[in-house]
2 protein chains.
Amino acid sequence: MAMSERRKKILRVVVENYIETAEPIGSKAIAEKAGLTCSSATIRNELAALEKLGLLEQPHTSAGRIPSPQGYRLYVNELMEQHKLSIQETERINTAMNSKMRELDRVIDQAGKLVSQMTNYPAFSLTAGGSQITISRYDLLMVNSNSFIAVVMTSNDRVKNKLIRLPSDITEPQLQLLNTLLNTSFTGKSLAELSPELMRVAEKAAGSSYGLISLVVSFAMDVLEDMNQSIVRTSGVGHLLEAPEYQDIGKAHKLMTYLSGEPEFSNMSLPMLQGQQDTRILIGPENVAEELKDTSVVLASYDIGEGMKGVIGVVGPTRMDYARVTAKLSYLADNLSKMFSAPQQPALPQQQRPALNPAPASEQSGDEDV
Amino acid sequence: MAMSERRKKILRVVVENYIETAEPIGSKAIAEKAGLTCSSATIRNELAALEKLGLLEQPHTSAGRIPSPQGYRLYVNELMEQHKLSIQETERINTAMNSKMRELDRVIDQAGKLVSQMTNYPAFSLTAGGSQITISRYDLLMVNSNSFIAVVMTSNDRVKNKLIRLPSDITEPQLQLLNTLLNTSFTGKSLAELSPELMRVAEKAAGSSYGLISLVVSFAMDVLEDMNQSIVRTSGVGHLLEAPEYQDIGKAHKLMTYLSGEPEFSNMSLPMLQGQQDTRILIGPENVAEELKDTSVVLASYDIGEGMKGVIGVVGPTRMDYARVTAKLSYLADNLSKMFSAPQQPALPQQQRPALNPAPASEQSGDEDV
DNA sequence: TTTAGCACTCATCCAAAAAGAGTGCTAAAC
DNA sequence: GTTTAGCACTCTTTTTGGATGAGTGCTAAA
C-alpha cells in the first residue's frame, strides 16, 4: 500500500511533466494528464503522501509538486520506459563515427563532442586503466649520425614513436646493439617494473656511456604513463545555458568552471572502469562533488581492449531526460566498443578516401603514436 | 587641434575606466580621475566633441560616456601603454610550458587552456600552414606475417606511425622491397603530388597485387593532411559569464555556441599565418563574423618550423584589457616559438623525470606521431 | 475512501512614484 | 576665445504596494 499503482502513475506524471517543462505541476493538471478517474482533491491527498515518502517536493507552499532526487531515483529504477532511438539518431551516430575517429585522442575528443551535440548537454569523455600494459617491442631507426627514431609497440598493439637527437655521433652497429639489448631486457615490463636500477645495470652491461638506454626507456615509460593516465575532455558546456535551471548566471558559471577544470569524473567512472557495470546514473546529491549536488550525471563505458576502458558521460540538470540520454549514450558506447574490437571499423557503408584503389586489405588496430 | 593632449587624456580615462568597471563615466568623475585643472563643464564640452568625432558613445541621454569601437582602436593604436608582465606571470607561463607540452596536439590544447586561465577569457588555439610539407622517409617494420608498422617521417622532422594489418600473408623480403620502392618513388612529394595515378603506376611496376602501396601511401597522405588541416580548440568559454556584458544569458549562449562550433578563427589568423604580422587585435565590428560584432579578439602567432605556424587567441568583450592580454599572449607565443626552434625546450631549470641518469643528450625536436 | 468547498499562502505582475545621475545650454567670468 | 557656474531637463533604476492567480490543506459531507 505504500506504493499503489495510482501513486506510481502520479509520480510518473510529475516526473515526466517536470522533465518536459521544468515547472511544478498542480493536482488539477495531474488529474487531467494521468487520465485518472478521481478528482483533484484525491490527488492532493496522494501528493501529500508521496511528499511524506520523500519522493516529491514543493518549492513553496502554494506551488505544485516537483520530484525529489529520490523521486527521480525511483522513476529511473522502476518507472522509466526504455527509449528507442529513431533511425535518424542511429544514422547520425554511425556517420559521425565513420569520419575521423581513428586515433585514440581523437576518439575521446569526437565522442564527447558528438554526445554533447546529440543530447544538448555538456558531455565529457575519458579513458583509463592501462596500468598493466607493457612494451612488447622496440625498433630504432637511424636517421643520421646524431639522431634516430625510437618506435615502441605496446602489448595492446598501439605504436608510438619519437625522434631522438644526440649531441654526439652514433653508428649503425651501435644502434643495432642497443636495439637488441632493449628488446631482450626491456620488453614485457609494465611501467612499475621499468626501474631506474634496471636501467643503470643495463647501461653498464652495454658499456654505453651515453645514457642511450635511459633515453629510449624513458620514452617508453612516457608512453606507458600516457596510456595509464586518464585524459578527460569536456565539451558543450554552453548547452547548460539552455536549461531554465541555469538561467541564474552564478549557478551556471560555477558549474561551468567546475566542468572545465579537471573534475574527478574518473572517480565516478571507477565502477565502470573496473567492469562492474556499463552504465550509471548519478542523481543530484548522489554525486560526491559538492558542485554536482543538484546535477545529474549519466555515464556509459566502452572497451578499448587489453583492460583499457573509455567512458563517455553527460552532465545536466536533475530533471534531464534520462531515458533518452541513456539510450543515446549506450548505443554510442556499444559502437565504440565494436570499433575497437573489430579493426574494420563500425558496421556501415564505408567511404574510403575516394581516390584509393579498392584496398584488398585492412585498417589499423586502433591508433598510433604518442 | 582635432586631438589635443587634453582630449587624448580624456579619451584614455574613459577607455580605461570602462575597461575596469564596464560602466559609463560622467564628466565629473573624469575631471577627478584625469587630474585635469579644468571643471566638469569644460570636460562636457570636450566629451561632446569626442562624441562628434565618433570616438565616444552615450548609452542614453543621461548616462556617462563609453568608448566606441573607433575609440578603442585609437586607444590601442596610440594611447595604450605597453603592459609589463609581473614575475609571477612569467613564472607561471614558464612552469606551465615545462610540464607536458611535448606533443603538438597537446601544445595546442595546453596553450589554449593556459591562455584562458591567465586572461580569464575564452581562448582558442590552432595550427596551420603545412601544405608544402613532404614525406622524407618511410620505414616498414614487420610485426608478424600479416601485420607491419609503417613509420613515416616528414620534412619538418615529425614522425608518425600506424599498425597495418593484412588479410593475407607477407614475407620479410616482400616488405623490404616495398620499403625501398616507397623511399625511391614516394618521398619528397607533397600531399597534392601523391596522386592516385602515381600509386597505380607504382603498384603495377612493383607487381604487387595487394594494394600494399596504396595502403602505406594513403596513410602518408593522412599524415600530411592532418598537418595541413588546422585544428582549432577552444577553452574556457565559461569565463564569458564573468563579464557583465554577458549577464544576458541569450547573448552569452549565442557567443558560446559560436565559439564551441568550429569558428573561422583560421580566417582571421591568415595575415599571421602568412607571416605578415605576429599579433593582431580585432575590435568589435572589425570582426567579420556576425557573432563577434560586439566582441574583440586578440591573436598572437608562433613558429612551429618549416612554414608551419600556430596561433593562440583570446575572445572577450570589446572592453577587454588589451594591454594586459596582448602582453601575456605575445610572451607565451614567443616562448612557444623558442620551444619549437630549440629542441632543448624553454629556458628554465628543467626537471627531468627524477629517476633518470643525467642524460648526456637531448630531447626530441617537437612531437611525434599522428 | 472520495469529493466539494473554502480560507489561506505565496510568487508574480504591474503601475506609479521617487531617487539619482548626467547632460546640454545659457550667460557670465577670465 | 575659452572656461565655468547654474539650472532645467531627460532618462534609467529602484522602490513600493496593491492586485492577481495558482495551488494548497483542511473540514465536513457523500
Side-chain angles (χ1 to χ4, degrees), chain A residues 1-11 13-15 17-18 20-68 71 244-245 247-248, chain B residues 1-11 13-15 17-18 20-68 71 244-245 247-248:
Chain A
M1 53 129 289
M3 273 313 268
S4 66
E5 273 313 304
R6 188 167 68 190
R7 286 193 185 168
K8 283 190 187 172
K9 203 160 195 172
I10 293 176
L11 176 58
V13 171
V14 175
V15 172
N17 169 79
Y18 195 61
E20 199 184 332
T21 68
E23 301 281 334
I25 188 171
S27 48
K28 204 171 154 194
I30 297 179
E32 282 166 27
K33 272 214 182 177
L36 290 172
T37 54
C38 58
S39 80
S40 66
T42 314
I43 305 230
R44 275 204 288 284
N45 290 333
E46 295 286 46
L47 287 177
L50 284 167
E51 190 169 346
K52 200 156 287 170
L53 288 173
L55 300 173
L56 295 183
E57 287 175 355
Q58 221 174 351
H60 58 265
T61 332
S62 81
R65 300 303 207 292
I66 61 172
S68 72
E245 27 274 280
Q247 293 309 80
D248 174 14
Chain B
M1 52 130 284
M3 272 314 268
S4 66
E5 272 315 302
R6 188 166 69 191
R7 285 194 186 167
K8 283 189 186 170
K9 202 158 194 172
I10 292 176
L11 176 58
V13 171
V14 175
V15 172
N17 169 78
Y18 194 62
E20 199 184 332
T21 66
E23 299 282 332
I25 188 172
S27 48
K28 204 171 152 192
I30 296 178
E32 283 167 26
K33 273 212 181 178
L36 290 171
T37 54
C38 58
S39 79
S40 66
T42 315
I43 305 233
R44 276 204 287 286
N45 289 334
E46 296 286 46
L47 286 176
L50 284 167
E51 189 169 348
K52 200 157 286 171
L53 288 172
L55 299 173
L56 295 183
E57 287 175 355
Q58 220 174 353
H60 60 264
T61 332
S62 83
R65 300 302 208 292
I66 60 171
S68 72
E245 27 273 281
Q247 293 309 78
D248 174 15

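Below, read A as the first sequence line, B as the second, and so on, with proteins coming before strands; counting in each chain starts at 1. Please read all numbers here as calculations on a predicted model, not as lab measurements.
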- Shortest non-hydrogen contact from A/Glu46 to A/Ser4?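 Taking A/Glu46 first and A/Ser4 second, the nearest heavy atoms are OE2-OG, 4.2 Å.
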
- Query: Nearest heavy-atom pair of B/Val15 and B/Gly71: which atoms, and what distance?
  - Reply: CG2-O, 4.5 Å

In whole angstrom, what separates [X]'s [atom1] from [N]'s [atom2]?
X        : N      : atom1 : atom2 : answer
B/Leu50  : C/dG22 : CG    : C1'   : 17 Å
A/Ile43  : D/dG25 : CD1   : P     : 13 Å
A/Glu46  : C/dT2  : CD    : C1'   : 11 Å
B/Gln247 : D/dT13 : CD    : P     : 14 Å
B/Gln58  : D/dC9  : CD    : P     : 18 Å

For residues 53-66 of chain A, which side-chain N or O atoms pair as donor and acceptor with protein atoms under 3.5 Å away, sequence neighbours left out?
{"from": "A/Gln58", "atom 1": "NE2", "to": "A/Thr61", "atom 2": "O", "distance (Å)": "2.9"}
{"from": "A/Gln58", "atom 1": "NE2", "to": "A/Ala63", "atom 2": "O", "distance (Å)": "3.2"}
{"from": "A/Arg65", "atom 1": "NE", "to": "A/Glu51", "atom 2": "OE1", "distance (Å)": "2.7"}
{"from": "A/Arg65", "atom 1": "NH2", "to": "A/Glu51", "atom 2": "OE1", "distance (Å)": "2.9"}

- Could you tell me whether the phosphate oxygens of D/dT3, OP1 or OP2, come under 4.0 Å of any side-chain nitrogen or oxygen in B/Arg6?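 Indeed, a polar side-chain atom of B/Arg6 lies that close.
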
- Message: Taking 4.0 Å as the cut-off, does a side-chain nitrogen or oxygen of A/Arg65 come that near to OP1 or OP2 on D/dA22?
- Response: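 No, because none of the side-chain N or O atoms of A/Arg65 sits under 4.0 Å from OP1 or OP2 of D/dA22.
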
- Which nucleotide in D/dT24, C/dT23, D/dT4 has an atom nearest any side-chain atom of B/Leu47: C/dT23

- Close side-chain approach of B/Arg6 to B/Ile10, heavy-atom, < 4.5 Å: yes

- Query: Hey, what bend do you get for the helix from C/dT1-D/dA30 to C/dC30-D/dG1 if you fit axes on five pairs at each end, rounded to 10°?
  - Reply: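 Here the helix ends are tilted 20° relative to one another.
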
- Item | Backbone N/O of A/Asn17 and side chain of A/Thr21: donor-acceptor pair under 3.5 Å |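 Judged by distance alone, yes, a pair lies under 3.5 Å.
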
- What is the distance from atom CG of A/Asn45 to atom CG of A/Leu50, rounded to the nearest 0.5 Å?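 Answer for the CG-CG pair, A/Asn45 versus A/Leu50, is 11.0 Å.
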
- When you look at CD of B/Gln247, are more than 12 heavy atoms from neighbouring residues, nucleotides or ligands closer to it than 6.0 Å?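 More than 12 heavy atoms, drawn from other residues, nucleotides or ligands, come within 6.0 Å of this atom.
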
Anything under 3.5 Å between a protein N or O and an N or O of nucleotides 26-30 of chain C, put it in a table, one pair a line.
none

- Between protein and nucleotides 6-16 of chain C, map the contacts as a letter string: B base, S sugar-phosphate only, - none, heavy atoms under 4.0 Å, written 5' to 3'. ---BBS-----

Could you tabulate the donor-acceptor pairs under 3.5 Å formed by side-chain atoms of residues 22-32 of chain A, not counting sequence neighbours?
{"from": "A/Ser27", "atom 1": "OG", "to": "A/Arg44", "atom 2": "NH1", "distance (Å)": "3.2"}

- Message: Using a strict heavy-atom distance below 4.0 Å, which residues from residues 23-41 of chain A are in contact with DNA chain D?
- Response: A/Gly26, A/Ser27

